[in-house]
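Just so it is clear, the structure is predicted and the values come from calculations on it, not from any experiment.
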Amino acid sequence: MNLPNKITVFRFCCIPFLMAFSLIDFKYHWVAALLVYFVACMSDKADGIIARKKGLVTDFGKVMDPLSDKTLVFAAYLVFINMGWHTELCILLMLAREFLVAGIRMLAAANGEVIAANGFGKCKTFLQMSTTGMTYLLLAIGEGSADITTSTPWLNVYCAIAFWIVSVVAVLSGLIYAKDGWHLIKTK
């Protein structure tokens with residue numbers, strides 16, 4: 001297994017720590033969650049740079065890198081739902097997009113093709129990671145409040161707006177993948 005793929009596996013390993021630090025209440029747990037999330041997101045950038053620069057792009061990386069990104073982001077989204085933020089519709093839209101793209105990728109794999117992330121998909125991932133990271137940053141800054149969701153109403157507003165923007169981009173990205181993979185869909 002090459003270095004970029006090891007970094008991708010590392011990102012998967014960060015997810016239980018992100019969940020634990022987010023859900024177990026201890027002093028500075030949001031700071032710990034933010035640090036884990038930041039390191040995991042930076043590992044995504046690092047594995048991509050290394051893979052392209054050293055010519056280490058593999059089919060494993062093309063499939064598992066986006067899957068690790070999705071798993072990381074959706075783990076954070078589960079935390080936010082657990083906190084009572086009403087982002088379920090946004091998350092359902094994003095999940096529908098992910099299942100659509102995964103289905104197209106599976107059809108492609110069955111036909112001997114590998115569909116890598118396109119520019120719009122990478123933009124969606126960047127927006128998901130950055131808005132989720134910003135949410136963790138705001139939680140870390142507000143740590144110490146008795147109930148952060150009610151003591152900082154602007155955080156709820158930020159999350160609602162950010163999640164809807166990302167949802168729209170995710171749906172558009174999914175439509176582009178569907179258009180590009182239509183030849184796979186209509187032949188089955």
| query | Is it the case that more than 12 heavy atoms not belonging to F60 sit under 6.0 Å from its CZ atom? | reply | yes
| Hey, what else clusters with V57 if you join Ile, Leu, Val, Met, Phe, Trp, Tyr whenever side-chain heavy atoms sit under 4.5 Å? | none
| request: Using side chain to side chain donor-acceptor pair (under 3.5 Å) as the criterion, list what pairs up with S173, not counting sequence neighbours. | output: R97
| task | Keeping to residues at least two apart or across chains, list the salt bridge (Lys or Arg N to Asp or Glu O under 4.0 Å) pairs with something in residues 48-59. | result | none
| Any residue meeting side chain to side chain contact (heavy atoms under 4.5 Å, CB included) with T131, in chain and number order, not counting sequence neighbours | Y158, A162, V166
| note | Sorted by chain and residue number, the side chain to side chain contact (heavy atoms under 4.5 Å, CB included) partners of V39 (sequence neighbours excluded) come out as F10
Under 3.5 Å, sequence neighbours excluded: what are the donor-acceptor pairs made by side chains of residues 14-22?
from	atom 1	to	atom 2	distance (Å)
S22	OG	L18	O	2.8
S22	OG	Y136	OH	2.9

| query | Applying salt bridge (Lys or Arg N to Asp or Glu O under 4.0 Å), which residue pairs with at least one partner in residues 16-32 are found, sequence neighbours left out? | reply | none
| said: According to side chain to side chain donor-acceptor pair (under 3.5 Å), does anything in residues 68-81 pair up with another residue at least two apart or in another chain? List the pairs. | reply: R11-S68, R11-D69, K70-E98
| L92: which other cluster members, linking ILVMFWY side chains closer than 4.5 Å, directly or transitively? | none
| request: Using side chain to side chain contact (heavy atoms under 4.5 Å, CB included) as the criterion, list what pairs up with L3, not counting sequence neighbours. | output: I7, I50
| task | Please name all residues satisfying side chain to side chain donor-acceptor pair (under 3.5 Å) with T125, sequence neighbours left out, ordered by chain then number. | result | none
| message | I'd like to know if the side chain of D44 reaches the main chain of A40, judged simply by a donor and an acceptor atom lying under 3.5 Å from each other, with no hydrogens or angles considered. | response | no
| task | For A109, enumerate each residue passing the side chain to side chain contact (heavy atoms under 4.5 Å, CB included) test, keeping only those at least two apart in sequence or located in another chain. | result | none
